[in-house]
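These numbers come from a predicted model, not from an experiment. Chain naming here is simple, since letters A, B, ... match the order of the sequence lines and numbering starts at 1 in each.
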Amino acid sequence: MNKPTHWDPQDVQLAIDELKDKPGALLPILHKIQDQLGYIPKESVPMIAKALQQTSAEIHGVISFYHHFRTTPSGNHVIQVCRAEACQARGSRQLESHIKNSLNIDYHGTTRDQEFTLEPVYCLGNCTNGPNIQINDKLEAEVTADKFDALKSQQTTYLVELT
Amino acid sequence: MTYNIYIPRDTAALANNADKVALLIEKEALQRNLDIHIIRNGSRGLFWLEPLVEVQTPLGRVGFGKVCLEDVGALFDAGFHLGKSEHKLHLGLTEEIPYLAKQQRLTFARAGVIDPVSLDDYAAHDGFKGLQKALNNTPQEIVSAVTDSGLRGRGGAAFPTGIKWQTVLDCPSEQKYIVCNADEGDSGSFADRLVMEADPFMLIEGMIIAGLAVGANQGYIYLRSEYPIAHQILNEAIETAYANNYLGQDIQASGKCFELEVRLGAGAYICGEETSLLESLEGKRGLVRAKPPLPAIEGLFGKPTVINNVLSLAAIPYILDKGAAAYANYGMGRSKGTLPFQLAGNVKQGGLIELAFGTSLNQLLEEFAGGTFTGRPMHAIQVGGPLGAYLPIEQWNTPLDYESFSAIQAVLGHGSIVVFDDSVDMLEQARFSMEFCVAESCGKCTPCRIGSVRGVEVIDKIRAGINPEKNTELLEDLCETMIHGSLCAMGGMTPFPVQSAFKHFAVESQNAGEQ
């Protein structure tokens with residue numbers, strides 16, 4: 001995933017202007033900003049607050065309430081590991097510790113090379129075929145330690161075309 | 001001749017490479033000079049077989065599963081496109097697969113059969129018949145049909161849907177709302193997802209009927225952000241419904257209007273609680289509201305609101321089409337109709353099983369599970385999501401209906417069944433229940449916010465063997481406080497799995513503590 005580290009306030013303003021008149025506009029606005037930039041920059045909070053005639057504290061309160069929203073850029077790839085019961089019943093606890101060891105980070109952490117960010121998730125809705133993880137937007141089922149290692153190296157492998 | 005080949009576009013199938021399988025089948029057919037037509041259907045709910053590829057034959061659709069990339073060439077060699085039975089993945093006629101044939105599919109009759117975003121396919125399979133009847137009925141007639149069907153909310157609380165609708169109908173207000181709770185966060189449940197990914201028009205039809213029934217012209221589907229495929233399919237279906245005059249102004253030239261929009265949640269389990277969901281839809285933190293006022297009277301933006309689970313709304317078209325009595329004929333006692341049970345966790349054959357209420361857990365496991373995935377004996381079963389009790393083997397003969405489950409301090413909830421084998425550490429499961437509440441509590445009431453943190457600490461002490469008797473007593477006290485003092489089911493039910501782990505699996509807990 002290519003996530004811009006520099007963002008243009010004008011793009012954020014466009015997203016806000018497009019959605020601000022919807023009833024209950026805040027979540028759609030936050031989703032749009034995060035979809036575009038990969039996170040919600042702190043500096044965009046007063047812009048949103050002004051458009052919705054709310055305080056920055058109120059906007060911040062909403063952003064911090066929801067696990068999905070982040071206020072700092074993630075690594076190049078976000079790995080979500082399902083921690084819920086149906087995956088536990090199929091070995092997700094062992095997988096979880098393998099992943100943490102393999103990446104050498106805990107939940108909410110990012111690897112030093114900025115490749116991977118690790119997040120917990122409580123159910124991805126594929127409870128018959130666990131353990132499940134999601135890498136960026138792609139769900140992966142029946143993940144074993146070996147399968148994870150293979151997936152991980154796929155993410156960091158680049159095809160170089162030689163002509 | 002054109003061969004029709006069905007390859008699901010459902011989450012479970014996609015996670016097992018259904019898109020790549022479809023590409024490969026297309027490529028292989030091209031090389032072999034075969035004229036094929038690929039239909040991306042929904043899933044039948046037999047998830048251990050996904051991707052379940054089907055081919056149309058004169059006798060019916062023949063299934064092959066689970067199809068992996070490396071199988072595709074051999075499948076063509078074995079004449080799978082003709083429905084031939086040579087290949088080892090051949091399953092026979094899909095409709096005759098026992099797992100499917102033994103079910104009573106009302107709500108899920110179309111799941112996996114149709115292309116989820118084809119309006120023609122939907123209409124050819126009884127789609128919009130309920131709506132046609134509703135358009136010719138008075139609002140009171142529609143509400144009475146729902147009341148008479150005995151339908152109870154499928155989200156977990158099992159409140160009679162008809163009574164909810166009647167309350168909203170009786171509220172004098174210019175603006176009313178229909179809200180669909182699609183924040184299916186319970187681990188082990190995927191029935192809502194299957195509705196939205198396999199048969200989204202059914203949900204749309206149910207919501208339009210709800211709007212006609214109570215006089216609401218705006219609907220919202222509050223969908224969890226963890227379901228991107230459902231989001232995409234719902235949006236495609238809504239767009240098609242608008243283009244064909246099933247949504248918008250003047251629905252099918254009736255003069256009635258209904259607008260519908262999907263809103264995404266943002267990874268908060270608590271937003272499955274209805275009042276928290278409404279707060280979230282309004283653009284706020286998902287803090288639970290105190291009741292009263294009921295959402296039916298003061299709901300979204302303070303207006304009368306019908307808020308129903310996906311499965312409740314999805315049951316509506318059938319009830320209107322076939323009649324309240326046809327629906328009420330299924331089930332037992334006060335649990336009318338069918339419930340899609342969701343068999344998950346450590347089983348070989350996980351999937352969706354729609355049956356009338358009343359089958360016992362044992363029967364369901366014997367007929368459908370096919371044993372455990374790990375091959376070890378089944379040991380504990382959590383029914384009804386993360387707030388549901390763990391049931392020991394002695395309780396597996398309980399009939400699957402709301403009242404029978406209440407009688408053993410368990411909940412049927414949304415119908416999810418998560419199986420654990422005998423390697424499970426029940427004390428660890430109890431700890432996780434509290435830990436989950438720490439992560440997901442909205443923080444509004446003290447028993448839930450603080451109680452769950454204390455719960456984790458006390459269980460850790462018990463596990464470490466620190467004063468286990470006293471601390472177990474303390475934990476019991478804490479559980480009672482949470483049950484009776486919490487504002488909603490999050491804090492009020494988190495103790496259920498904890499208490500059941502201690503009550504029914506006490507020996508293991510002590511052993512684990514001593515280790």
Does any heavy atom of chain A fall under 4.5 Å from the side chain of [X], the backbone, both, or neither of them?
X: B/Glu261; value: side chain
X: B/Cys442; value: both
X: B/Leu343; value: backbone
X: B/Asp421; value: neither
X: B/Lys348; value: neither
X: B/Glu435; value: side chain
X: B/Ser280; value: both

Backbone N/O of [Y] and side chain of [X]: donor-acceptor pair under 3.5 Å:
X: B/Ser433; Y: B/Gln429; answer: yes
X: A/Ser97; Y: A/Gln94; answer: yes
X: B/Gln342; Y: B/Ala191; answer: yes

Among [options], who wins on heavy-atom pairs under 4.5 Å with chain B?
options: A/Gly61, A/Pro131, A/Gly130; value: A/Gly61
options: A/Ala86, A/Cys87, A/Ala84; value: A/Ala86
options: A/His67, A/Glu85, A/Glu140; value: A/Glu85

Sort [X] into side chain, backbone, both or neither according to what part of it lies under 4.5 angstrom from a heavy atom of chain B.
X: A/Pro23; result: both
X: A/Val121; result: side chain
X: A/Arg93; result: side chain
X: A/Gln54; result: neither

I'd like to know if B/Lys66 pairs up with A/Glu142 as an ion pair, taking the criterion as any Lys NZ or Arg NE/NH1/NH2 lying under 4.0 Å from an Asp or Glu carboxylate oxygen.
yes
Under 4.0 Å between a side-chain nitrogen and a carboxylate oxygen: does that hold for A/Arg83 and A/Glu96?
yes
Could you label the plane-to-plane angle of the [X] and [Y] rings as parallel, tilted or perpendicular, counting under 30° as parallel and over 60° as perpendicular?
X: B/Phe368; Y: B/Tyr99; answer: perpendicular
X: B/Phe436; Y: B/Tyr269; answer: perpendicular
X: A/His68; Y: A/His31; answer: tilted
X: A/Phe69; Y: A/Tyr66; answer: perpendicular

Against chain A, work out which of [options] has the most heavy-atom pairs shorter than 4.5 Å and name it.
options: B/Tyr227, B/Phe190, B/Phe420; value: B/Phe420
options: B/Leu281, B/Thr374, B/Val419, B/Leu264; value: B/Leu264
options: B/Ala439, B/Gly286, B/Gly185, B/Ser225; value: B/Gly286
options: B/Leu352, B/Asn346, B/Leu287; value: B/Asn346
options: B/Glu184, B/Arg263, B/Glu226; value: B/Arg263
options: B/Pro228, B/Pro386, B/Ser416; value: B/Pro386

Is there a side-chain contact between B/Asp192 and B/Leu311, using heavy atoms and a 4.5 Å cut-off?
yes
Is there a side-chain contact between B/Arg193 and B/Val310, using heavy atoms and a 4.5 Å cut-off?
no
Which atoms form the tightest heavy-atom contact between [X] and [Y], and what is the distance?
X: B/Lys284; Y: A/Leu27; answer: O-CD1, 4.4 Å
X: B/Gln175; Y: B/Lys303; answer: O-CB, 3.4 Å
X: A/Glu58; Y: A/Thr55; answer: OE1-N, 2.9 Å
X: B/Ile221; Y: B/Ala182; answer: CG2-CB, 3.9 Å
X: B/Gly345; Y: A/Arg90; answer: O-NH1, 2.9 Å

In residues 44-52 of chain B, which residues are in contact with chain A at a heavy-atom separation under 4.5 Å?
B/Phe47, B/Trp48
